[in-house]
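These notes concern the structure reproduced below.
Please read these numbers as outputs of a predicted model, since none were measured by experiment. In listed order, ligands and their atoms are each counted from 1.
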Amino acid sequence: MDSQAHSDRYGGTVSGVSRRTVLGAGAGVTAASLVPLRLEAQEQAPAPLQEAGPTTHISFQVNGEQVEMDVDSRSSLLDLLRERLALTGTKKGCDHGQCGACTVHLDGRAVSSCLTMAGKVDGRRVTTIEGLASGGELHPMQQAFIDNDALQCGYCTPGQIMSAVACVTEGHATDPESIREFMSGNICRCGAYVGILAAVSQAAETMKG
Ligand code: FES
Ligand code: FES
């Protein structure tokens, strides 16, 4: 499955102005004289991907709401959610299907949204972390993560919770080993795995009722 590198949009070298050029100029000039350099850099910057390639028209449900829009045919579901629909609860970690931070539900099953093309969700149902709570009440899995201190920085947590819900609903939360196996695609750099296992075990019970 395709993935897209967006390093230019996240701090890569600005076209036409090298770091050395700016530092050399900055040694003997005022901040005001750097303004034209900055404007020149903006003019030379590549156009955003969203405005470039061919588009696909899609109609799908996200968190219970019907959405219809044109999307860049090369866009991932992750970028569609974060950059077009402002659903930034879904996180971008590796953007290569290796960390689980971008996990959402597609027709009720956990998928890596960075590896899912936006055009593929036409006619389907997407649920993100923003759509998990219901009627002002946290989902039992969200509550279990709080109860068990299953996070530290929290960056991996939305993806962990989406995978954890699927772990239970898809019948894999039968014992600690099965939970670990199902959740192994979700990396936590803070190492909150003990709490995560406890949270999934707790929610597996509460979700029965
Ligand atoms: Fe999708 Fe890492 S951002 S798996
Ligand atoms: Fe920090 Fe998991 S809580 S990466």
### Query
Can Arg84 and Asp79 be counted as an ion pair, charged N to O under 4.0 angstrom?
no
### Message
Is it true that Asn63 and Thr127 share a donor-acceptor pair across their side chains at a distance under 3.5 Å?
### Response
no
### Task
Could you list the atoms of ligand 1 found under 4.0 angstrom from a heavy atom of Cys114?
1 (Fe), 3 (S), 4 (S)
### Task
Using 2.8 Å as a strict upper limit, say whether an N, O or S atom of Cys156 approaches atom 1 (Fe) of ligand 2 that closely.
no
### Query
Under 4.0 Å from any heavy atom of Cys102, which atoms of ligand 1 are there?
1 (Fe), 3 (S), 4 (S)
### Message
Can you name the atoms of ligand 1, numbered from 1 with element, that are less than 4.0 Å from a heavy atom of Gly97?
### Response
4 (S)
### Query
What atoms of ligand 1 come within less than 4.0 Å of a heavy atom belonging to Cys94?
2 (Fe), 3 (S), 4 (S)
### Query
Any chain of hydrophobic side-chain contacts (each under 4.5 Å) joining Ile58 to Leu81?
yes
### Query
Near Gly100, which atoms of ligand 1 are under 4.0 Å from a heavy atom of that residue?
2 (Fe), 4 (S)
### Message
How large, to 10°, is the angle at atom 1 (Fe) of ligand 2 when you draw lines to SG on Cys153 and to SG on Cys190?
### Response
100°
### Query
Hey, are the side chains of Gln61 and Arg124 touching, using non-hydrogen atoms and a 4.5 Å cut-off?
no
### Query
What residue among Leu80, Leu106, Val111 forms side-chain contact (heavy atoms from CB on, under 4.5 Å) with Val126?
Leu106
### Message
Show the atoms of ligand 1 that are less than 4.0 angstrom away from any heavy atom in Asp95.
### Response
2 (Fe), 3 (S)
### Message
For atom 4 (S) of ligand 2, what's the nearest protein heavy-atom neighbour? Residue, atom name and distance, please.
### Response
Arg189 N, 3.3 Å
### Nearest atoms (heavy-atom pairs only) where Asn186 meets Gly100
ND2-O, 3.1 Å
### Message
Suppose I only count heavy atoms of Gly154 and a 4.0 Å limit; which atoms of ligand 2 are within that range?
### Response
1 (Fe), 3 (S)
### Message
Testing Glu130, Glu65, Met69 one by one against Leu85 for a side-chain contact (heavy atoms from CB on, under 4.5 Å), which residue passes?
### Response
Met69
#### Entry: Pro158 side chain reached by Thr90 side chain, heavy atoms, under 4.5 Å
no
### Query
With a 4.0 Å cut-off on heavy atoms, is Ala192 touching ligand 2?
no
### Message
Restricting to N/O/S atoms, is Cys188 within less than 2.8 Å of atom 1 (Fe) of ligand 2 or not?
### Response
no
### Task
Output the list of atoms in ligand 1 that are nearer than 4.0 Å to some heavy atom of Cys99, sorted by atom number.
2 (Fe), 3 (S), 4 (S)
### Message
Tell me the protein heavy atom at minimum distance from atom 3 (S) of ligand 2, and give that distance in Å.
### Response
Gln152 N, 3.2 Å
## Note on the structure
In this structure, CD of Gln202 is separated from CD of Gln143 (nearest 0.5 Å) by 8.0 Å
